[in-house]
Protein chains: 2
Amino acid sequence: MTGTVLTEHIDASSDRAVFRQIADHLRQAVAKGRLKPGDQLPSEVQLIEHYGVARMTVRNALKLLQDEGLTIAEHGRGVYVRARPPVRRLASDRFAQRHRKEGMAAFIAEAGQAAATPHVDMIKVTEAKPPAEVADRLGVADDARVIVRSRRYSLDGRPVETAVSYIPADLAKGTPIAEPNPGPGGIYARLEESGHTLARFTEDVAARMPTPEEARLLSLPPGVPVFRLVRTAYDMDSRAVEVCDTILATDAYVLSYELPAH
Amino acid sequence: MTGTVLTEHIDASSDRAVFRQIADHLRQAVAKGRLKPGDQLPSEVQLIEHYGVARMTVRNALKLLQDEGLTIAEHGRGVYVRARPPVRRLASDRFAQRHRKEGMAAFIAEAGQAAATPHVDMIKVTEAKPPAEVADRLGVADDARVIVRSRRYSLDGRPVETAVSYIPADLAKGTPIAEPNPGPGGIYARLEESGHTLARFTEDVAARMPTPEEARLLSLPPGVPVFRLVRTAYDMDSRAVEVCDTILATDAYVLSYELPAH
DNA sequence: GAGTGGTCTAGACCACCAC
DNA sequence: TGGTGGTCTAGACCACTCT
């Protein structure tokens, strides 16, 4: 029912553009609960008739809401208030040693806790020269060789994260790290077995709109930004042993960190 | 010069929408360096003439790039490749006690390190009932009283962050925490003076597109998401003594965290 | 087939900016 | 004053979804 939605009309004396006024009305309808997540908005034709404007005007209004991440248009069906998917909390202890000891890579272990079905695909392992930013973080020369492990993670069939790991080739060559399946506990378990006990990680978190490529890989609807999370793993000798460049769908994650006040 | 930009033409046999093809060409021009940050894109008229399409088609293409955060349109001047502002790294030790001891609130201390001129405005201090989410984090009843401190932070004249702090009224009443100016070292210094030595913080980080209100307060151009960072401060008795709800411009910040691998 | 949103055309007038 | 982007109209045809 849209009967309780189309109540306001355009204020012709206002300086505010007509399509912004229409967007304002619809936004308010969502804010006040007249439209709830999953509800269908009035169709373009209904909006055209109610407001007495051209189609492009209502489309501009609807585009505005979509760009804000408030609604999602479904071709042939209608425009709906976006139903926020449940978010996963990424705790800062997710790389704690105890998880590796249990033979679980971080993503799989976490998915289990959340009662979601994890899946990993698009696994590709190559050897190459690292990007300059990665070489810098690893503390190796630009022309050093690194193992590049890329993959995509999904939960309950929905892709939520892509990741590319860079490991110095001298640490990875001849170990399962250079293989598509690195074995139980993931590459961190392998690194520790070869004497590089992990001491700490740093994580740099940025957020921005996705590139078209990222939007495709993560099946992102319009109006959803991505986290770019770059993690560097250090061993007990403070040597950087891995850099992991991750793109996360922001509608699927809340990152959770614990800071000492020392 | 746009002479090296308008080289491609529309592939009429492609399934890809014309405006997406135009956006692709311009995006590639930026990726390949034919258009650099700050450069002006071909005007709408130039694009119309080059591609032989209607104005709405090139406007759709330009809107797409703007929504990706790649370009910025300036009314009456032109469309430009967005020049990324320098980002500030927010280190995870920014609330370390030593900063408070030096009599500096976190934001001011950090700005000094970055050689930027900090400014705080729109300071408002009230007493109210906390939002349910905040009451939950503070571990107080929904109808408890809290001091609400809101303010906006700017760097070199550019607003970058809004923050709302909630402090249980019984901790704040009659102290400078309930005053607009809480004194040297900020409210954390006052809390510690009154016996609530800070032990740790948690930070939950989410990202999304801004509401129109947030976009206004932070002067955000289209295509720039915000971080929502909710920090909870705990004292040595593990009592939550403050919840701070912060909105940050993502084009101004990289958040940096340190994680132990214990 | 009826209804939905997606793309595109060909105009119009306006507001802002630089010269 | 001329060029720029911002808003709006009034159409058209298409692709998708549901019944």
Side-chain angles (χ1 to χ4, degrees), chain A residues 1-2 5-6 9-24 26 35 38-67 70-82 212 215 221-223, chain B residues 1-2 5-6 9-24 26 35 38-67 70-82 212 215 221-223:
Chain A
M1 261 296 286
T2 54
V5 174
L6 295 178
H9 290 84
I10 297 302
D11 175 2
S13 70
S14 168
D15 279 349
R16 194 159 174 78
V18 172
F19 79 91
R20 293 186 197 282
Q21 292 188 46
I22 297 175
D24 289 344
L26 294 170
L35 285 171
D39 281 0
Q40 183 172 7
L41 270 66
S43 73
E44 293 181 355
V45 170
Q46 286 175 317
L47 290 166
I48 289 165
E49 287 171 354
H50 175 80
Y51 287 106
V53 296
R55 187 174 174 212
M56 195 52 61
T57 304
V58 309
R59 280 186 64 79
N60 275 338
L62 292 171
K63 182 66 162 55
L64 200 55
L65 299 177
Q66 175 158 312
D67 290 345
L70 197 66
T71 60
I72 179 74
E74 296 185 24
H75 194 171
R77 300 213 326 123
V79 177
Y80 297 85
V81 179
R82 181 171 286 159
Chain B
M1 263 298 287
T2 55
V5 173
L6 295 178
H9 289 86
I10 297 303
D11 174 3
S13 70
S14 168
D15 279 349
R16 193 156 175 82
V18 172
F19 78 92
R20 292 186 199 280
Q21 292 188 44
I22 296 174
D24 290 343
L26 294 170
L35 285 171
D39 281 0
Q40 183 172 5
L41 271 66
S43 74
E44 292 182 355
V45 170
Q46 286 174 315
L47 289 167
I48 289 165
E49 287 171 355
H50 175 80
Y51 287 106
V53 296
R55 187 173 174 213
M56 195 50 62
T57 304
V58 309
R59 280 186 65 77
N60 275 338
L62 293 171
K63 183 65 163 53
L64 201 54
L65 299 177
Q66 175 157 315
D67 291 346
L70 196 66
T71 59
I72 179 73
E74 296 184 26
H75 195 172
R77 300 216 321 124
V79 177
Y80 297 84
V81 180
R82 183 172 285 157

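Residue numbers start from 1 in every chain, and the chains themselves are labelled A, B, ... in the order their sequence lines are given, proteins ahead of strands.
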(request) Would you indicate, yes or no, if C/dT7 has its OP1 or OP2 atom less than 4.0 angstrom from a side-chain nitrogen or oxygen of B/Arg20? (result) yes

(message) Using whole Å, what does the distance between atom P of nucleotide C/dC8 and atom NZ of B/Lys63 come to?
(response) 16 Å

(message) Whole angstroms only, please: what is the OH-P distance between A/Tyr51 and D/dT7?
(response) 17 Å

(request) Considering only NZ, NE, NH1 and NH2 on the basic side and carboxylate oxygens on the acidic side, decide whether A/Asp39 and A/Arg82 come within less than 4.0 Å. (result) no

(message) Please give the stem ranges for DNA chain C, sorted by first residue number, where a stem is three or more consecutive Watson-Crick or G-U pairs and both donor-acceptor distances are under 3.5 Å.
(response) C:1-18 with D:1-18

(message) Rounded to the nearest 0.5 Å, what separates atom CG in B/Leu6 from atom CD1 in B/Ile22?
(response) 10.0 Å

(message) Side chain of B/Ala17 only, heavy atoms from C-beta on: which candidate in C/dG5, C/dT7, D/dG6 is closest?
(response) C/dT7

(request) Mark yes or no for whether B/Glu44, through its side chain, and B/Arg59, through its backbone, hold a donor-acceptor pair below 3.5 Å. (result) no

(message) Measure CD/B/Glu44 against C1'/C/dC16 and give the value in whole Å, please.
(response) 14 Å

(message) Side-chain N or O of B/Ser43 versus OP1/OP2 of D/dG3: is the shortest distance under 4.0 Å?
(response) no

(request) Report, as a single string ordered 5' to 3', how protein heavy atoms within less than 4.0 Å touch nucleotides 9-19 of chain D: B base, S sugar-phosphate only, - not at all. (result) B--B--BBSS-

(request) State whether the side chain of A/Gln66 and the backbone N or O of A/Ala73 hold a donor-acceptor pair below 3.5 Å, judged by distance alone. (result) yes

(request) Give a yes or no answer on whether the side chain of A/Gln46 reaches the backbone of A/Ser43 with a donor-acceptor pair at less than 3.5 Å. (result) yes

(request) Answer yes or no: is there an ion pair linking B/Asp24 with B/Arg20, defined by an N-O contact shorter than 4.0 Å? (result) no

(request) Grab the CZ-P distance between B/Arg16 and C/dC8 for me, whole Å please. (result) 11 Å

(request) Calculate the interatomic distance between B/Leu64 atom CG and C/dC8 atom P; express it in whole Å. (result) 12 Å

(request) Using atom types as modelled and distance alone, determine if a side-chain donor or acceptor of B/Gln40 lies under 3.5 Å from a backbone N or O of B/Val81. (result) no

(request) Measure the distance from CZ on A/Phe19 to P on D/dG6 and round it to the nearest whole Å. (result) 9 Å

(message) Tell me the interatomic distance from B/Gln40, atom CD, to C/dA18, atom P, rounded to whole angstroms.
(response) 11 Å

(request) Hey, could you give me the CG/CG distance between A/Leu70 and A/Leu62, rounded to the nearest 0.5 Å? (result) 11.0 Å

(message) To check you understand the geometry: which heavy-atom pair defines the closest contact between A/Val53 and A/Ile48, and what is its length?
(response) O-CG2, 3.2 Å

